[in-house]
Structure formats: C-alpha cells, structure tokens
Amino acid sequence: MFYNSPMSNIIQKGMQNRILSKSEIISILESDNYDNDLFSAADKVRKEFVGDAVHLRALVEFTNFCRCNCLYCGIRAENNDTLRYRMSESEILSVAKQAIDFGYKTIVLQGGEDYFFSAKYLGEIIKKIKQYDVAITLSIGERSFEDYAYLKNCGVDRFLLRIETTDEDLYKKMHPNMSLENRKQCLYNLKKLGYETGTGCLVGLPNQTLESLASDILFFKELDADMIGVGPFIPHPGTPLRDFKGNNFWLALKVMAITRLLLPDINIPATTAMETLFPNGRLLALKSGANVIMPNVTDSIHKKMYEIYPNKASVDYSELKQTLNSIERTIGTGKGFRNKKY
Ligand code: SAM
C-alpha cells in the first residue's frame with residue numbers, strides 16, 4: 001500500500017485508530033485517487049477481524065403492503081401500480097423451512113410497514129421458525145418499544161432498520177409524515193432490548209452531500225451498530241424520484257469501506273443494490289470490506305412483486321460458491337453473529 005501521502009495517512013489512521021473526523025471522512029469521499037488504497041485497507045481489516053467466511057442470510061419478502069411513502073421506494077403506499085400481496089403464515093413457514101433444509105442458518109423476514117402483521121401474529125410465526133436451529137432477523141420498519149420487546153421474547157435475534165440518511169432536512173423530504181428522531185429512537189430501543197441491530201444508509205439521494213454521508217458513518221459508530229447495509233439509490237419508475245438518475249455505485253462502495261475501517265468487527269452485506277447497479281458489484285463489495293450476502297429465497301411470484309427498485313439482481317448458489325472460491329473465501333457454517341472484539 002502507498003503510505004506517504006496525506007490521504008493514505010488518513011486511511012491508515014482509520015485502520016489503526018478506528019476513528020476519523022468528519023472532515024477526514026469527507027476528504028476520502030471527495031477524492032477518487034486513493035480508492036484502491038481504501039478498498040484494500042477495508043479488505044485487510046475485514047480479514048483480520050471477521051475472517052474469510054461469508055455469511056448467507058435467507059431473505060423472505062413476506063409483504064409488500066406499506067403504510068409509508070418514502071419518495072424513493074417502489075412499494076410506497078401511493079404507488080398504485082404495485083400489485084400488493086401478503087404471504088400467508090403457511091407460505092412463510094414453507095419458504096423458511098426450504099431455506100433451512102438447504103442449509104441457511106439465518107432467516108430474514110422483511111416487509112413493508114404492514115400492521116396487518118401485528119407483533120402477536122408475527123410472534124406466532126417466529127416461534128414456529130425458531131423450533132429449528134436458526135437465527136431470525138426482522139426488517140419490518142418502525143414499531144413501538146412494546147412490540148420490539150414482545151418480538152424479542154418470541155425469539156428474534158436481529159433487526160434491520162436503516163436510518164437511510166441522518167441529514168434532518170433530507171430525511172424530512174424523503175419520508176413524508178416520518179421523523180428522523182423516531183427512527184433513531186427505534187434503533188436505540190432495539191439496541192437496549194438486546195437485538196443485534198443493523199442499520200445503514202442510501203447513497204445518491206437527491207441533494208445528499210458528502211458531509212451528510214460522513215455524518216451517517218459517524219452515526220453508525222455512535223450507535224455501535226452490529227450490521228451496516230449501504231445501498232446505492234436506484235430510481236424506480238413508479239416513484240417521484242423516477243428521473244433522478246445517478247451513478248452511485250463507487251460512492252456507496254467507499255461509504256461501505258470506510259464503515260469497515262471504523263467498525264471492524266461488524267457484519268456488512270454486499271448489498272443486492274450494489275450488484276444490480278454494477279457488473280460484479282457484489283464481488284467488488286466482498287473485496288472491499290463486506291462479509292455477508294442475503295440471497296432472496298422468496299418464491300418467484302412474490303419476489304417479482306416486491307419491487308423496491310427495478311431489475312433486482314439475484315444470487316445463483318453454485319455461481320456464488322465458485323466466486324467465493326476464486327477469492328479464497330468460504331461460506332460461513334454458523335449463524336454469523338457479531339463477535340465483538342473491542
Ligand atoms: N419497511 C422496512 C424498513 O423500513 O426498514 C424494510 C423494507 S424497505 C423496502 C428495505 C430497504 O429498501 C430500505 O431500508 C431502503 O434503504 C431500500 N430501498 C428502498 N427503495 C430503494 C431504492 N429505490 N434504491 C435502493 N434501495 C432502496
């Protein structure tokens with residue numbers, strides 16, 4: 001690695017001290033000249049702290065009903081072109097069981113903010129899945145402290161709730177009738193209740209600044225998040241942001257790599273949006289700090305209807321095994337919890 005420039009010194013400082021100032025993060029995001037140094041530093045940290053195993057999490061998208069109207073999201077309530085579905089309890093259990101039989105050690109239940117699935121109803125489904133030796137991750141948006149507590153007692157291990165952006169104004173514009181304050185509160189509640197807590201941000205939203213992305217990264221650190229998913233924004237034709245095209249892949253990869261430097265022992269997925277946006281995006285992410293992949297195991301009919309952005313990439317298992325082999329990585333055999341190292 002090239003270590004005698006101010007920028008390389010900043011990257012090295014991030015690696016060694018696990019802390020960078022906002023202006024240092026911005027300077028890394030601003031320049032393209034040191035991207036390879038950054039990516040290889042993040043890869044080195046990933047190897048040292050979480051090893052070569054890539055943990056697979058089976059993603060079940062069980063409802064695309066959503067009460068929210070996030071401007072970027074294809075399943076927003078006001079997108080009338082979306083055909084809505086809710087998987088039945090038996091459909092969810094059957095898809096989860098297939099994934100467990102295949103060897104997955106984590107089932108991720110994700111959906112829009114759909115209160116048809118009360119905590120009580122979801123809890124029954126969760127208890128049934130927990131009869132098998134698997135971890136469960138929920139990603140169902142904002143709920144009350146009591147709901148989160150109830151679901152934790154039913155056996156949920158992890159929760160994914162992206163902050164999306166920590167920029168107050170941008171948050172307000174992107175999320176009608178929602179508040180950044182409540183989103184943060186939900187994340188602190190999840191932490192308090194003992195969930196492995198995942199968050200993350202979107203990269204490339206209209207008028208998003210590098211400064212706000214730097215604040216996002218510092219927020220991940222402040223929360224001591226256990227998982228971070230960084231997703232490049234991809235425009236969906238059924239949303240108000242349909243014409244807001246941007247090439248956000250490299251910037252998202254950099255945000256992810258810096259996050260790995262500052263939170264070395266957490267789980268970081270190579271996100272589907274990265275693979276969708278850029279050929280071999282998943283592979284590049286795995287070589288730049290990522291250690292998790294979330295293959296979508298939803299049945300094909302429902303999968304098509306859960307269109308948060310168009311042309312979502314999929315994972316072919318045997319191709320994935322070959323890809324991992326080619327970069328000397330293995331498929332994780334355990335549940336892949338965060339092993340906190342400091
Ligand atoms: N309702 C849950 C929640 O709010 O966390 C989970 C479902 S939500 C659809 C999952 C994630 O999709 C969001 O956190 C958001 O970052 C991502 N997403 C939505 N629209 C997107 C888009 N157009 N491009 C990239 N990612 C998007």
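First listed ligand is number 1; within each ligand, the first listed atom is number 1.
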**OP:** Measure from NZ or CZ of R86 to the centre of the six-membered ring of F116 and say whether it is under 6.0 Å with the direction within 45° of the ring axis.
**Re:** yes
**OP:** May I ask whether atom 11 (C) of ligand 1 is less than 4.0 Å from at least one protein heavy atom?
**Re:** no
Original post:
Are D216 and K221 ion-paired here, with the side-chain N under 4.0 Å from a carboxylate O?
Top reply: no
Subject >> ligand 1-proximal atoms of Y309, by part, heavy-atom distance under 4.0 Å >> reply: side chain
Subject >> Close approach, C66 and ligand 1, non-hydrogen under 4.0 angstrom >> reply: no
Original post:
Hey, does the Lys NZ or Arg CZ of R158 hover above the aromatic six-ring of F337, less than 6.0 Å from the centre and inside 45° of the axis?
Top reply: yes
Original post:
Tell me: protein heavy atom nearest atom 20 (N) of ligand 1, and distance?
Top reply: Y72 CD1, 3.4 Å
Original post:
Among L202, L161, I308, whose heavy atom sits nearest atom 26 (N) of ligand 1?
Top reply: L202
Subject >> Identified salt bridge (Lys or Arg N to Asp or Glu O under 4.0 Å) partner of E61 from the options K303, K304, K312 >> reply: K312
Original post:
Nearest non-hydrogen atom to atom 5 (O) of ligand 1 belongs to which of E142, R76, E113, R183?
Top reply: R183
Original post:
N/O to N/O below 3.5 Å, does that happen between E164 and ligand 1?
Top reply: yes
Subject >> G111 N/O to ligand 1 N/O under 3.5 Å >> reply: yes
Original post:
Do any nitrogen or oxygen atoms of I234 lie less than 3.5 angstrom from nitrogen or oxygen atoms of ligand 1?
Top reply: yes
Original post:
At their closest point, which heavy atom of E275 faces which heavy atom of A313, and how far apart are they?
Top reply: CG-CB, 3.4 Å
Subject >> Proximity to ligand 1 by part of C70, non-hydrogen separation under 4.0 Å >> reply: neither
Original post:
Do K287's NZ or CZ and the ring of F39 fall within the cation-pi criteria of under 6.0 Å and 45°?
Top reply: no
Original post:
In terms of atom number and element, which parts of ligand 1 are under 4.0 angstrom from non-hydrogen atoms of S139?
Top reply: 6 (C)
Original post:
Taking distance alone, with no angle check, do Y306 and ligand 1 share an N/O pair under 3.5 Å?
Top reply: no
Original post:
Which protein non-hydrogen atom lies closest to atom 17 (C) of ligand 1, naming both residue and atom, and how far is it?
Top reply: R162 NH1, 3.8 Å
**OP:** Please report the C-alpha distance between K254 and D35 in whole Å, then the side-chain angles of each, then the deciding distance to 0.1 Å, and finally whether the salt bridge (charged side-chain N to carboxylate O under 4.0 Å, His left out) criterion is met.
**Re:** CA-CA 7 Å; K254 286 170 74 168; D35 287 1; 3.0 Å; yes
Subject >> Where ligand 1 meets C73 - atom numbers and elements under 4.0 angstrom, heavy-atom basis >> reply: 9 (C), 19 (C), 20 (N)
**OP:** Find out whether the Lys NZ or Arg CZ of K184 is both under 6.0 angstrom from the six-membered ring centre of Y188 and within 45° of the ring's axis.
**Re:** no
Original post:
So Y104 and Y317, would you call those rings parallel, tilted or perpendicular, with 30° and 60° as cut-offs?
Top reply: perpendicular
